[in-house]
Amino acid sequence: MSEPVAIQAPQPSGVGASRIGTAGFAIGIAIVGVVLFAALFGNALVPADPFTQDLGNRLKPPFWMEGTQAGHWLGTDQLGRDYLARLVYGARISLLIGIMTVITSGLIGITLGVLGGFFGGRVDDFVLFAITTRLSIPVVLVALAVVGLMGSGLGLVVATLGLLLWDRFAVVARATTMQVRNNDYVSAAWCAGASKPHILIKEILPNIASHLAVVATLEMALAILLEAALSFLGLGVPPPLPSWGLMIAEGKDYMFFSPWVIMIPGVALFILVLGINLVGDGLRNLLGSERLR
């Protein structure tokens, strides 16, 4: 008589996905941490000046190619400026634009979304109208028109992107506020005589902050990409500031003979955006696992 075969219960399919999500979150944190460290302490790490020109040493290749020059680990650009120094300084520009854009757009979108989701009625109708109007506006075309008419500049780029990228904050803030406004702790605050500003600031915002953090990572990555696109077209950060998009634009004329001039800032931009997106995906997975508990 044959022995019974033991059948193992299948493991939940979410276990593998959870491990992958955790690994991706750790990788994203590491990438963003390295870029942030380089941006903050780049002057101490790279002694070269990103603005000093040396036409006698122009287009020197990086260290893994023949013909490199000592002291220029990533070579030099078409004006002889140290590419590593400009890359580190460009990280500072990209992170600054991403963070300031998220702050600006977050203030606008979260305010509108929380007010619309909490009060409802005509306030919510106005918020929905504002969101629909914003979604009907092409971000890239409007940004190009505004920057083209008013001139390029770091502050103008941040203001333009901040005024155009608030819709996701508003949608998520409105939806999550409508979910939590009828919870027990909000009702208890009402019964305790708390004012509406107190409930919004102390009860609503802390309980939707985790969802908004995910949106912030996505908007930060999008803002960095849009700034790079504007700088590539000559309408973003003005030279000689070493924006990564501007570095790609300045090196496109030499890409066939010195491909590193566009490869290095392009890879840096890809890695930074990838790291930010991995952080956002990790936060989303963590929030999903917390809701399942």
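Source: prediction; values computed, not measured. Note that these values count all heavy atoms, side chains included, but never hydrogens, waters or copies made by symmetry.
In this structure, Met178 is not a member of the same hydrophobic cluster as Trp190, with clusters built from ILVMFWY side-chain heavy atoms closer than 4.5 Å.
In this structure, Asn207 and Asn183 have side chains that are not in contact, with every pair of non-hydrogen atoms separated by 4.5 Å or more. In this structure the side chain of Ile29 reaches within 4.5 angstrom of the side chain of Val279, judged on heavy atoms. Looking only at side-chain heavy atoms (C-beta outward), Asp82 and Trp73 stay at 4.5 Å or farther from each other.
With hydrogens and angles left out, the side-chain atoms of Ser243 and Glu227 include a donor and acceptor closer than 3.5 Å.
Of the possible polar contacts, none joining the Arg284 side chain to the Val214 backbone as a donor-acceptor pair under 3.5 Å is found. Under a 3.5 Å cut-off, the side chain of Ser258 and the backbone N or O of Met255 do not form any donor-acceptor pair. At distances below 3.5 Å, at least one donor-acceptor pair connects side-chain atoms of Trp244 with backbone N or O atoms of Leu87. Judged purely by atom type and a 3.5 angstrom limit, Thr76 uses its side chain to pair as donor or acceptor with the backbone of Leu59.
Crowding of Lys252 atom NZ: a count of heavy atoms from other residues, nucleotides or ligands under 6.0 Å exceeding 12. Within 6.0 Å of the CE atom in Met263, the count of heavy atoms belonging to other residues, nucleotides or ligands exceeds 12.
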Q. Would Phe25 and Leu283 satisfy side chain to side chain contact (heavy atoms under 4.5 Å, CB included), going step by step from the backbone distance to the final call?
A. CA-CA 7 Å; Phe25 181 66; Leu283 289 175; 4.0 Å; yes

Q: Verify side chain to side chain contact (heavy atoms under 4.5 Å, CB included) between Phe169 and Val102, making sure each step is shown before the conclusion.
A: CA-CA 9 Å; Phe169 282 105; Val102 166; 4.0 Å; yes

Q. Would Met220 and Ile99 count as a side chain to side chain contact (heavy atoms under 4.5 Å, CB included) if you check the C-alpha gap in whole Å, the side-chain angles of each, and the deciding distance to 0.1 Å?
A. CA-CA 6 Å; Met220 184 175 178; Ile99 293 173; 3.7 Å; yes

Q.
Under the criterion side chain to side chain contact (heavy atoms under 4.5 Å, CB included), I'd like the reasoning laid out for Leu222 against Thr101: C-alpha separation, chi angles, the key distance, then a yes or no.
A. CA-CA 10 Å; Leu222 179 59; Thr101 300; over 6 Å; no

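Atom OG1 of residue Thr177 and atom CG of residue Leu200 lie 8.0 Å apart, to the nearest 0.5 angstrom. With rounding to the nearest 0.5 Å, the separation of CD1 in Ile276 from CD1 in Ile31 is 10.0 Å. Distance check, rounded to the nearest 0.5 Å: CG of Leu74 to CZ of Phe63 gives 7.0 Å.
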Please set out all donor-acceptor pairs under 3.5 angstrom arising from side-chain atoms of residues 118-135, sequence neighbours excluded.
residue : atom : partner : partner atom : Å
Asp124  : OD1  : Arg174  : NE           : 2.6
Asp124  : OD2  : Arg174  : NH2          : 3.0
Thr132  : OG1  : Leu128  : O            : 2.8
Thr133  : OG1  : Phe129  : O            : 2.8
Arg134  : NE   : Leu164  : O            : 2.4
Arg134  : NE   : Asp167  : OD1          : 3.1
Arg134  : NH1  : Ile137  : O            : 3.1
Arg134  : NH2  : Leu164  : O            : 2.9
Arg134  : NH2  : Asp167  : OD1          : 3.2

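By the 6.0 Å and 45° rule, Arg86 does not stack over the aromatic ring of Tyr89.
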